[in-house]
Amino acid sequence: MNTTYYLTTAIAYPNGEPHIGHAYEYIATDVMARFKRLDGYDVRFLTGTDEHGQKMQQTAEQEGISPMELATRNADVFQDMDDNVLDVSYDRFIRTTDADHKASAQEIWRRMEAAGDIYLDTYSGWYSVRDERFFADDETHVNDDGVRIATETGTEVTWTEEESYFFRLSNYADKLLAHYQANPDFIAPQTRANEVIRFVEGGLEDLSISRTSFDWGIPVPEATDPALKTDKKHVMYVWVDALTNYITGAGFPDADSELKRYWPADLHVIGKDISRFHCIFWPAFLMSAGIELPKRVMIHGFLNNEGEKMSKSLGNVVHPAGWVERYGLDTVRFFLLREFPFGADGSYSHDGVVRRKNADLSNNLGNLAQRSLSMVYKNVDGQVPQPGELTAQDEQILADAAGLLDTWRTHFEKQDFYRALGAAWKVLDDTNSYFADQEPWVLRKTDEARMQTVLWVTLEVVRRIALLIQAVMPGSATKLLDALGVDASADAGRTNASGEGPRSYAAWDDQLAPGTPIAKPTPVFPRHEEDE
RNA sequence: GGCUGUGUAGCUCAGUUGGUGAGAGCGCACGACUCAUAAUCGUGAGGUCGGCGGUUCAAAUCCGCCCACAGCUACCA
């Protein structure tokens with residue numbers, strides 16, 4: 001059995017249209033999943049939607065449909081984006097309304113209760129009767145008439161107390177800090193880890209983890225401890241429910257599940273807005289329930305539109321489908337990972353995307369493949385050339401390309417797609433220099449054997465690059481490998497079948513065989529054309 | 001306010017434990033080539049390394065202060 005690799009995206013709260021920020025997270029996680037599959041791991045990739053909560057219930061009521069109907073409609077939008085727009089290779093699209101998830105969430109609750117970490121008390125806060133929800137202190141203000149109102153909705157709020165179950169988060173600050181210290185890669189990037197650590201060092205308050213004011217949620221299981229009994233009907237406060245999806249996806253609580261081997265998760269990929277929930281609440285819940293902790297939480301940044309936040313009011317929200325239609329899926333996937341470090345905020349613009357597409361994809365990679373394959377097609381009888389004795393320059397560029405897999409493995413361990421791609425494109429730069437320096441179009445007339453060597457070396461570099469970028473641009477990479485005459489195997493990282501065969505990383509050192517037929521090449525990465 | 005971090009060529013950024021005359025990519029200018037998707041290759045442009053002061057034989061790299069910007073400062077997800 002191969003080593004397992006279990007990774008997840010955050011589950012989306014499907015109360016609106018997905019935007020490019022959602023796509024960013026799904027694409028990055030997909031690239032990670034594909035890379036690991038190509039590298040022979042037994043991968044499980046989970047994504048999905050977080051469907052409970054008061055807001056969903058209210059929206060459904062406004063629309064005159066059931067919460068489940070609303071949730072299904074919106075979950076379908078996200079799943080459709082994964083399937084038909086972004087080509088996300090998830091293994092399961094989990095919904096928090098799935099039956100096995102309900103059982104899972106109730107079981108982790110029972111275990112936290114059994115650990116003595118749950119008690120009954122009252123939750124108090126500023127409550128808006130009109131909005132039927134609580135507001136945090138800083139979400140309210142006192143208006144000119146001396147009335148406290150919710151800033152967001154402008155409705156009056158009153159100090160209200162509601163029965164609620166609490167989780168003894170305050171007991172876990174020291175344990176969490178010890179865990180962070182012992183596992184320096186648990187939270188990345190470092191700057192986010194610092195924020196989390198400082199926060200925990202400041203002390204943790206217990207957490208309200210149930211509500212009675214609405215019922216669109218997973219029911220809190222019957223208490224076993226008499227002190228926890230109540231007549232009121234509680235549903236789980238959303239974070240216990242939502243976070244638990246990650247273990248549901250690994251078969252919890254079924255001890256015999258074949259999915260059990262995937263836990264603990266290797267990687268949770270999330271946005272910076274929910275780092276606290278994943279780096280503090282989630283590990284505390286798991287510690288309480290006696291479940292192993294995930295190995296790493298990678299926190300990515302947000303995307304800005306030409307330096308400005310995306311917002312509906314500015315009208316600059318980018319929808320993934322529109323981008324994919326305009327630039328092409330592989331360009332979008334490449335751009336998002338190549339343009340800025342994962343973990344830092346990024347800024348995108350039309351010009352930026354086009355620059356990457358033309359300079360990196362069409363010119364640097366696409367044209368290198370096209371010029372070398374064209375020469376092979378025209379001058380070597382349409383088959384992979386026969387290399388002769390290799391010069392120091394040949395050896396150098398081949399060695400640089402050969403080293404990329406280890407470079408990628410190192411960078412991917414930290415989800416540093418930016419540097420991984422940078423390293424690959426450095427080799428492409430050098431290969432273009434090599435090609436120009438060797439002048440195979442001159443050798444064609446002066447030294448055909450040498451020309452064949454140069455072309456073979458170039459094709460070998462392109463083959464390795466193509467193998468690597470299957471993870472990032474599965475469609476284009478497949479075309480490239482087709483053009484090189486590499487036998488098809490599996491599906492560019494979409495499934496675990498990609499871990500073997502001539503297109504897997506197991507075949508990294510299987511050089512192109514001279515004599516293999518090469519078809520007449522056509523450009524794999526056309527330049528950007530704007531239809532105006 | 002507190003905490004954390006950032007501030008290096010037009011743009012995006014690299015710059016290990018302080019030490020060859022401060023770098024890359026993109027964009028730009030000029031030149032070369034013609035196999036190739038008007039692609040590619042070479043050269044250049046001379047940036048007080050945010051500011052001031054200090055430590056040192058020597059600092060972008062250490063210390064102090066200041067300025068600017070960003071993030072975090074708990075229960076909407």
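As a basis for the values below, the full set of heavy atoms in this structure was taken, side chains included, without hydrogen atoms, waters or symmetry mates. Residue numbers begin at 1 in each chain, while the letters A, B, ... track the order of the sequences.
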Separation of B:A32 P from A:Asp437 CG (nearest whole Å):
18 Å
Just to be sure I understand the rule, does A:Phe277 reach a base, reach only the sugar-phosphate, or reach nothing, if contact means heavy atoms closer than 4.0 Å?
nothing
Euclidean distance, atom CG of residue A:Leu480 to atom P of B:A36 [Å, nearest integer]
18 Å
Under 4.0 Å, heavy atoms only, any strand: does A:Leu204 hit a base, just the sugar-phosphate, or nothing?
base
Check the phosphate of B:U40 against A:Asn364, side-chain N and O only, distance under 4.0 Å to OP1 or OP2. Yes or no?
no
Determine the contact category for A:Asp429: base if any of its heavy atoms lies under 4.0 Å from a base atom, sugar-phosphate if only primed atoms, P, OP1 or OP2 are that close, otherwise nothing.
sugar-phosphate
Mate of B:C69 across any strand shown (Watson-Crick or G-U wobble, both atom pairs under 3.5 Å) is B:G5
From the list A:Phe525, A:Trp425, A:Phe417, ring pair (Phe, Tyr, Trp, His ring centres under 6.0 Å) partner of A:Phe334 resolves to A:Trp425
Provide the distance between the two P atoms, one in B:U34 and one in B:A29, to the nearest whole Å.
23 Å
With the side chain defined as heavy atoms from C-beta on, A:Arg527 is closest, among B:A77, B:G71, B:A39, to B:A39
Euclidean distance, atom CZ of residue A:Phe285 to atom C1' of B:A74 [Å, nearest integer]
12 Å
Side chains of A:Thr230 and A:Glu163: any donor to acceptor distance under 3.5 Å?
yes
A:Leu361 CG - B:C26 C1' separation (whole Å):
14 Å
Remember a base hit wins even if backbone is also touched, and classify A:Lys426 as base, sugar-phosphate or nothing at under 4.0 Å, heavy atoms.
nothing
If only side-chain N and O atoms of A:Lys378 are considered, is one of them under 4.0 Å from the OP1 or OP2 phosphate oxygen of B:A36?
yes
Find the partner of B:C28: check Watson-Crick (N1-N3 plus N6-O4 or O6-N4) and G-U wobble (N1-O2, O6-N3) distances, both under 3.5 Å, and reply none if neither fits.
B:G44
Heavy atoms only, 4.0 Å cut-off, all strands: where does A:Arg192 land among base, sugar-phosphate and nothing?
sugar-phosphate
Counting just side-chain N and O atoms, does A:Ser433 come under 4.0 Å of either OP1 or OP2 of B:U40?
no
Is there a donor-acceptor contact under 3.5 Å linking the side chains of A:Thr248 and A:Ser104?
yes
Touch check for A:Asp206, heavy atoms < 4.0 angstrom, all strands: base, sugar-phosphate only, or nothing?
base
Does any donor atom in the side chain of A:His350 or A:Tyr327 lie under 3.5 Å from an acceptor atom in the other side chain?
yes
For B:G50 and B:A9, measure between their P atoms and round to the nearest Å.
8 Å
Need one value for A:Glu439: base, sugar-phosphate or nothing, where a base atom within 4.0 Å counts as base even if backbone is also close, heavy atoms only.
nothing
When both hydrogen-bonding distances must be under 3.5 Å and the geometry is Watson-Crick or G-U wobble, what is B:U34 paired with, if anything?
none
Mind checking the C1' distance from B:U8 to B:G15? Whole angstroms is fine.
9 Å
Ignoring hydrogens and angles, tell me if any N or O in the side chain of A:His19 forms a donor-acceptor pair with the backbone of A:Pro320 under 3.5 Å.
no
Assign A:Phe166 to base, sugar-phosphate, or nothing according to its heavy-atom contacts below 4.0 angstrom with the strands shown.
nothing
Might you confirm whether atom NZ of A:Lys102 has over 12 heavy atoms from other residues, nucleotides or ligands at distances under 6.0 Å?
no
Can you say whether a donor on the side chain of A:Asn367 sits under 3.5 Å from an acceptor on the base of B:A36, or the other way round?
yes
Whole-Å distance separating the CG atom of A:Asn304 from the P atom of B:G71
9 Å
From A:Phe302, A:Tyr24, A:Phe340, A:Trp323, residue fulfilling ring pair (Phe, Tyr, Trp, His ring centres under 6.0 Å) relative to A:Tyr348:
A:Trp323
Start at the 5' end of RNA chain B and walk down; is the nucleotide closest to A:Arg355 or to A:Ala242 reached first?
A:Arg355
Between B:U37 (P) and A:Tyr377 (OH): distance, integer Å:
14 Å
Side chain of A:Trp239 (C-beta onward), nearest among B:A77, B:U4, B:U37:
B:A77
What's the closest nucleotide to the side chain of A:Gln370 if the choices are B:G71, B:C13, B:U37?
B:U37
When we call it a touch if two heavy atoms are under 4.0 Å apart, what does A:Gly203 touch: a base, just sugar-phosphate, or nothing?
base
Counting only side-chain heavy atoms from C-beta out, which of B:A74, B:C35, B:C3 sits nearest to A:Ser374?
B:C35
Regarding A:Gly53, tell me which of base, sugar-phosphate or nothing describes its non-hydrogen contacts under 4.0 Å with the strands shown.
nothing
Give A:Pro440 one of three labels, base, sugar-phosphate or nothing, depending on what nucleic acid heavy atoms sit under 4.0 Å from its own.
nothing
For B:A22 versus B:C26, give the span between their P atoms, rounded off to a whole number of Å.
23 Å
Suppose you measure atom P in B:A24 against the same atom in B:C41; what distance do you get, rounded to whole Å?
15 Å
Taking only the C1' atom of each, what is the distance from B:U61 to B:G23 in whole angstrom?
14 Å
What is the distance, to the nearest angstrom, from the CD atom on A:Gln58 to the C1' atom on B:C76?
10 Å
Roughly how many Å apart are B:G10 and B:A45, using the P atom of each and rounding to a whole number?
14 Å
Counting just side-chain N and O atoms, does A:Tyr434 come under 4.0 Å of either OP1 or OP2 of B:U40?
no
Searching all strands shown, indicate the nucleotide that pairs with B:G53 (Watson-Crick or G-U wobble; both distances under 3.5 Å).
B:C63
A:Arg192/A:Glu195 salt bridge by N-O under 4.0 Å criterion
yes
Side-chain N or O of A:Arg371 closer than 4.0 Å to phosphate OP1/OP2 of B:U40
no
Can you check the A:Arg444 CZ to B:U34 C1' distance for me, whole Å?
10 Å
Given B:U73, B:U37, B:U4, the nucleotide with the shortest approach to the side chain of A:Asn194:
B:U4
Categorize A:Asp50 for me: base, sugar-phosphate, or nothing, with a 4.0 angstrom heavy-atom threshold over every strand shown.
sugar-phosphate
Counterpart base for B:U16, defined by Watson-Crick or G-U wobble contacts under 3.5 Å
none
In Å and rounded to the nearest 0.5 Å, what is the CZ to CG distance from A:Arg95 to A:Asn74?
9.5 Å
Closest nucleotide of RNA chain B for A:Ile209 versus for A:Val442: which of these residues is on the 5' side?
A:Val442
Which of these nucleotides, B:C76, B:C75, B:A39, is closest to any side-chain atom of A:Asn363?
B:A39
Ignoring hydrogens and geometry beyond distance, is a side-chain donor-acceptor pair present between A:Thr9 and A:Thr29 at under 3.5 Å?
no
Side-chain N,O (A:Arg276) to OP1/OP2 (B:C72) below 4.0 Å:
no
For A:Phe435, report the nucleic acid contact type (base, sugar-phosphate, nothing); a contact means any heavy atom under 4.0 Å.
base
When rounded to the nearest Å, what value does the distance between C1' atoms of B:C52 and B:C76 take?
46 Å
Proximal nucleotide (of B:U37, B:A74, B:A14) relative to the A:Arg419 side chain
B:A14
